[in-house]
Protein chains: 2
Amino acid sequence: MGQGGYELLWGNPAGPGRGRPAGLSRERIVAEAVAIAAAEGLPRVSMKHLAERLGSGVMSLYRHVPGKDELVALMYDSIMSTPPDLPADQGWRAALTAWAHAVRDLFLAHPWALPLATVNHVLGPGEAGWLDSAMRAVGASGFATDLSLASVMAVNNYVGGAVRPELHGGQEDPLWFTFLADDGAMQRFPALADLVTEGHFQESALLRDHFSFGLERLLDGLERYLEPGSGQGASLT
Amino acid sequence: MGQGGYELLWGNPAGPGRGRPAGLSRERIVAEAVAIAAAEGLPRVSMKHLAERLGSGVMSLYRHVPGKDELVALMYDSIMSTPPDLPADQGWRAALTAWAHAVRDLFLAHPWALPLATVNHVLGPGEAGWLDSAMRAVGASGFATDLSLASVMAVNNYVGGAVRPELHGGQEDPLWFTFLADDGAMQRFPALADLVTEGHFQESALLRDHFSFGLERLLDGLERYLEPGSGQGASLT
DNA sequence: ACCTGAACACCGTTCAAGT
DNA sequence: ACCTGAACACCGTTCAAGT
């Protein structure tokens, strides 16, 4: 216990309402930090800039938040404060499909959050709630917990990777393949050059197709495993 | 063209050998930066610290590299300088399996590089070579290019997400579920609490099982789509 | 012409001075 | 006791002084 100072990630929501916003509060700080990240990008979230936006002194922030790292953790968890609504009576596949698209929507709405997901962080109550909702939805079909977890993790892992091209592609600054579209690179990697000229890396409609295509394949594979149809039982190893 | 200063990402490998290492060179700078990231973590890669390690002045680095961002791009691409060896005559599934594990090994060997993959970056020749190797291996089975791309992307996206828990779990400081293992959280998320007590988030053997499990499901789904067995043709949409 | 130290505008956080 | 400004140890990069 007492891991660093991340306790407040799981702490009470800043106590019962005792009057007006009264100036600074943890909620207001986190909300403003999220707003800055959304509007100007995560690197612009500095204690100095944040305090300026809140009309307070820099050091006043440290009364409500132990430090920058914990603030970022709170920002990340805050965007997952409400778990998604999942169809309860249409089976595990419909539930996981809805869940996957909810995760996708979440990261499309908060592009700054995706790199944070790939960094070693503390599981907060928000993220735990999202995981829990998926586990319950899959578990409702009666699978063993380890099998449910493996399935949820597989979908979660896929989505985390698959949102990435959608975040970067289709925008005004397609950094990614800039150099592929040029001269010598075309000759070095002919298999890739075709794809660039056909627009597979830039058109957002194609990228969305890729997201759904991979998700459907994964769910097909899970379905074959979870509901073999034939006699073989379903065990993890 | 002239995108910022990332041209040198695709430029010649620093000219023909003209004598001894002679002090500073782009290769030496990038290699040392990678060594620092491996030993002390990416945040410790600062121009000042790097120059100190190289026994040079800070500003001398800017003679060989436009800036920090471009240096990081070069670091990232340098770890993919040699594409993986793939089995050439055992079909697309064997090739993609080998490729997926090679990507996994790459990020396990360079944990600092995974967050960079999720950030908007310029495709370098190294990463292009890895993609190209996968495209050629799958294309050899005769699928349409867009179908090959969708399959390679699906596997790539899955692996990028699935390596993540392996990087964080199984180490001495399992930050992730620290608070799940405690008191009230267990009651809020009972479905998750079981998994913690059973060790699903910490034991690296189980995490490796998860990686393979999801990959096999995805490949099963791709196989059913690419080789239907029944009469239906294979088209992307 | 080439190289690089000093200076600048930042950053997160400690520490002690203020009330 | 609570709050917060000044100070510290960083950071990447510009700019002009050095050779």
Side-chain angles (χ1 to χ4, degrees), chain A residues 3-9 14-15 18-26 28-30 32-34 36-37 39-76 112 115-116 119-122, chain B residues 3-9 14-15 18-26 28-30 32-34 36-37 40-76 112 115-116 119 121-122:
Chain A
Q3 275 280 2
Y6 289 95
E7 298 89 352
L8 92 171
L9 196 61
R18 48 151 60 204
R20 277 297 131 83
L24 243 40
S25 74
R26 203 210 306 160
R28 220 163 76 81
I29 291 173
V30 172
E32 188 65 32
V34 168
I36 292 175
E40 317 175 40
L42 191 59
R44 286 283 301 170
V45 178
S46 74
M47 301 305 265
K48 215 157 279 186
H49 187 207
L50 179 55
E52 198 171 283
R53 281 292 201 91
L54 290 164
S56 79
V58 187
M59 294 320 295
S60 308
L61 300 177
Y62 286 84
R63 283 276 123 201
H64 302 86
V65 160
K68 175 76 181 294
D69 292 345
E70 293 86 351
L71 171 64
V72 172
L74 287 167
M75 291 172 62
Y76 180 76
W112 53 268
L116 297 179
V119 140
N120 196 4
H121 63 278
V122 178
Chain B
Q3 274 280 3
Y6 289 95
E7 297 89 352
L8 90 173
L9 195 61
R18 48 151 61 207
R20 278 296 131 81
L24 244 39
S25 73
R26 204 211 304 160
R28 220 162 77 80
I29 291 173
V30 173
E32 189 65 34
V34 168
I36 293 175
E40 317 175 40
L42 192 58
R44 286 283 300 169
V45 178
S46 75
M47 300 305 265
K48 217 157 277 187
H49 188 206
L50 179 56
E52 199 171 283
R53 282 293 202 90
L54 289 164
S56 79
V58 185
M59 294 319 295
S60 308
L61 300 177
Y62 286 83
R63 283 277 123 199
H64 302 85
V65 161
K68 176 75 181 294
D69 292 346
E70 293 86 351
L71 171 63
V72 171
L74 287 168
M75 290 171 63
Y76 180 75
W112 51 268
L116 297 178
V119 140
H121 63 277
V122 179

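Proteins come first, then strands; the chains are lettered A, B, ... in the order of their sequence lines, and each starts at number 1. These numbers come from a predicted model, not from an experiment.
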Give the rounded distance in Å between these two atoms: [atom1] of [X] and [atom2] of [N].
X       : N      : atom1 : atom2 : value
A:Met59 : D:dA7  : CE    : P     : 15 Å
A:His49 : C:dT13 : NE2   : C1'   : 20 Å
B:Arg44 : D:dA9  : CZ    : C1'   : 12 Å
A:Tyr62 : D:dC2  : OH    : P     : 20 Å
A:Leu71 : C:dC11 : CG    : P     : 14 Å
B:Leu61 : D:dC11 : CG    : C1'   : 14 Å
B:Met47 : D:dC11 : CE    : C1'   : 11 Å
B:Lys48 : C:dC10 : NZ    : C1'   : 11 Å

Worksheet entry | Contact under 4.0 Å: A:Ser60 side-chain N or O vs D:dT4 OP1/OP2 | yes

Worksheet item: Does B:Ser46 make a side-chain N or O approach to OP1 or OP2 of D:dC11 shorter than 4.0 Å?
Response: yes

Contact between [X] and [Y] at the side-chain level, heavy atoms closer than 4.5 Å - yes or no?
X       : Y        : value
B:Val34 : B:Trp112 : yes
B:Val72 : B:His121 : no
B:Glu70 : B:Leu9   : no
B:Leu24 : B:Arg63  : no
B:Val58 : B:Leu50  : no

Worksheet item: Taking a pair as Watson-Crick (N1 to N3 plus N6-O4 or O6-N4) or G-U wobble (N1-O2 and O6-N3), both under 3.5 Å, which stems of 3 or more consecutive pairs involve DNA chain C?
Response: C:4-8 with D:12-16, C:12-16 with D:4-8

Worksheet item: At under 4.0 Å between heavy atoms, what does A:Val45 touch on the DNA or RNA strands: base, sugar-phosphate, or nothing?
Response: sugar-phosphate

Fill in: Nearest-angstrom distance, P atom, D:dG18 to C:dC8
16 Å

Discussion item. Going by side chain to side chain contact (heavy atoms under 4.5 Å, CB included), name the residues that satisfy it together with A:Arg53, two or more places apart in sequence or in a different chain.
Written reply: A:Glu32, A:Ile36, A:Glu40, A:His49

Discussion item. Checking A:Leu42 against A:Met75 for the side-chain contact (heavy atoms from CB on, under 4.5 Å) test, could you report, in this order, the C-alpha distance in whole Å, the side-chain angles of both residues, the deciding distance, and whether it holds?
Written reply: CA-CA 10 Å; A:Leu42 191 59; A:Met75 291 172 62; 4.0 Å; yes

